[in-house]
Structure formats: structure tokens, C-alpha cells
Amino acid sequence: MQRLLIATHNRHKIEEIRSILGPGILVVGANSLGIALEPEETGATFAENARIKALAWRRWLVESSSQTQSLDAVLADDSGLEVDALEGAPGVFSARFAAAPGHRGNSADAENNAKLLRLMADIPDGRRTARFRCVLSLLPVQIAGIESGLGQVFEGSCEGRIAREPVGDGGFGYDPLFIPEGFERSLATLGQEVKNRLSHRAMALRRLRQFLNQ
Ligand code: ITT
């Protein structure tokens, strides 16, 4: 069985990853290691930020010799929402969209959603297209030279549009505002099972699972 450390403090991501990967892969949430490692996400792309997080957690694992024997790889997820009418914003700033510039740390989901709705108040229905994107960075624990580019990247996206008001309390983040293509209701109303079939994270994780099963 593969054993992965999930390099995130976002408990929703951990739950979704565990559920989508299923029983054949052991998912260990970074929150269970009891340290608050929060590498600064300075990358310009999801891929860069995913790698920053994977590298930071892997370095910590190796330096602290913590569980390096019992884990095969570190998996980081960087993800976010790209709105066409906002030229791809909030993008890599999705988690801290409503925060003041330069502020470290995430803003509350409700504040991010309120800012998005404010910026899109005048955007007509036909121009409210958007997508969620997820980039996963997988770094094996037991190899040398990890800083020099080894590792794997898996991507997924989910097309949809932005609603006029938040609806539903499932999922997290922008789910109450995001209506996936082919649906009339927000992702937050469709239930976790549906989300875990069609989400950006599900697509990226299917690719990861295929790779692990090769
Ligand atoms: P880590 O960096 O610790 O993984 P985070 O929540 O800060 O946790 P990101 O930097 O990748 O993660 O930011 C992702 C943000 O994008 C997240 O906070 C949401 O606002 C949004 N997002 C990502 N996936 C989402 C999803 O499935 N549903 C709704 N919003 C999502």
C-alpha cells in the first residue's frame, strides 16, 4: 500500500483526497503530525506553489527524521478559482483574495465569496464563466537530489460559472458560488459524492492514482 503525507492544513482537502483515492492508498494529513508548517506561497502558478509546499514538508520530514520510514511520498495540492471576466483572478490568490495586499494567511471563505460577488456585480450571466484548477505535486520521501526537479505533477480542472449569490453549505471555499457545467445548482448543494466525481481535485487525483498503479 502506498503511504502519502498530504502537505496541507486544509482539512477539507484532506477529506476529499482520502475519499477520492479510496482504501488502497493510506492518506496521512499533515495536521496529524502536530506541527504548523506554513511555507510562504510565493509562486506565480499553482504548480510552483504546490512544489513549494511539497518541498517544505518533505524537508521537514527528512530533517526531523519523522516518519520517513513509514511514508512513501509527500503530496501537495495547490488549487483555486479562475474567473474569465476577471482575467483569471483570484487564481493563486484564491485563499487570500479578500485580505489586504501583503497580508499573510488566508481570508475567511465568506469574505472571499463576498469580494468575488462585489467585483462581478455588473457581469452579465453569459460572461460569468470560470473554472477550478488543481495542481498536485508528488515528491518521494526516500530519494536524494529532490531539490533538482525530481517528482511528478498532476493537473485537473472543472469548468462552470459564478452564481449571483452563495447557495448551499457543502464543500468549502467558493463551492457555494460555483455552478459546474451541466448543472443548475452550486457545487455546495450537490453533495460531496457528486463533487468528488467531477471536481478539479478528482480529475488530478485520478491521474495520480493511474500513475501510482502503473
Ligand atoms: P494549503 O495551502 O495548506 O494546502 P489552502 O486552503 O491555503 O491550504 P491553497 O493555497 O491551495 O490552499 O488555496 C486554495 C483556495 O482555493 C481555497 O482556500 C479555496 O478558496 C479555493 N479552492 C480550492 N479548491 C476548492 C474547492 O474544491 N472548492 C472551493 N474552493 C476551492
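In what follows, residues are counted from 1 in the order of the sequence shown. Just so you know, ligand 1 is whichever comes first in the structure, and atom 1 is the first atom listed for that ligand.
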Students should be able to answer this: which protein heavy-atom is nearest to [atom], and at what distance?
atom	value
atom 11 (O) of ligand 1	Lys13 NZ, 2.9 Å
atom 23 (C) of ligand 1	Ser79 OG, 3.2 Å
atom 6 (O) of ligand 1	Asn10 ND2, 3.0 Å
atom 22 (N) of ligand 1	Phe172 CE1, 4.0 Å
atom 1 (P) of ligand 1	Thr8 OG1, 3.3 Å
atom 20 (O) of ligand 1	Tyr174 CE1, 3.2 Å
atom 24 (N) of ligand 1	Arg201 NH2, 3.0 Å
atom 10 (O) of ligand 1	Glu41 OE1, 3.0 Å

Sidechain N-carboxylate O distance under 4.0 Å for Lys195, Glu16: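 Yes, charged N to carboxylate O under 4.0 Å.
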Ion pair Arg207/Glu155, N-O distance below 4.0 Å: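 Salt bridge flag = no for Glu155 with Arg207.
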His200 and ligand 1 - part of the residue with a heavy-atom distance under 4.0 Å: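 Side chain only; the backbone of His200 stays clear of ligand 1.
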So is [X] touching ligand 1 or not, going by heavy atoms under 4.0 Å?
X	answer
Gly171	no
Asn106	yes
Asp77	yes
Arg96	no
Lys195	yes

With a 4.5 Å heavy-atom cut-off, do Arg51 and Phe46 have their side chains touching?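 Of all side-chain heavy-atom pairs linking Phe46 with Arg51, none is under 4.5 Å.
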Quickly, which of Asp109, Asn112, Asn113 forms a side-chain contact (heavy atoms from CB on, under 4.5 Å) with Phe97? Name it, please.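 Output: one option passes, namely Asn112.
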Shortest non-hydrogen contact from [X] toward [Y]:
X	Y	value
Asp175	Ser186	O-CB, 3.5 Å
Phe178	Cys158	CZ-O, 3.2 Å
His9	Leu37	NE2-O, 2.9 Å
Ala163	Arg128	O-NH2, 3.0 Å

May I ask you to check if ligand 1 and Asp175 share an N or O to N or O distance below 3.5 Å?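 Between Asp175 and ligand 1, an N or O pair is found under 3.5 Å apart.
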Name the orientation class of the two ring planes belonging to His12 and Phe172 (parallel below 30°, tilted from 30 to 60°, perpendicular beyond 60°).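 Geometry flag for Phe172 against His12: parallel rings.
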Determine, using the 4.5 Å side-chain heavy-atom cutoff (strictly less than), whether Leu205 and Met203 are members of one ILVMFWY cluster.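 They do not share one cluster, since no chain of ILVMFWY contacts under 4.5 Å joins Leu205 to Met203.
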For ligand 1, which atoms have a heavy atom of Asp78 less than 4.0 angstrom away?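 Listed by number with element, the hits are 9 (P), 10 (O), 11 (O).
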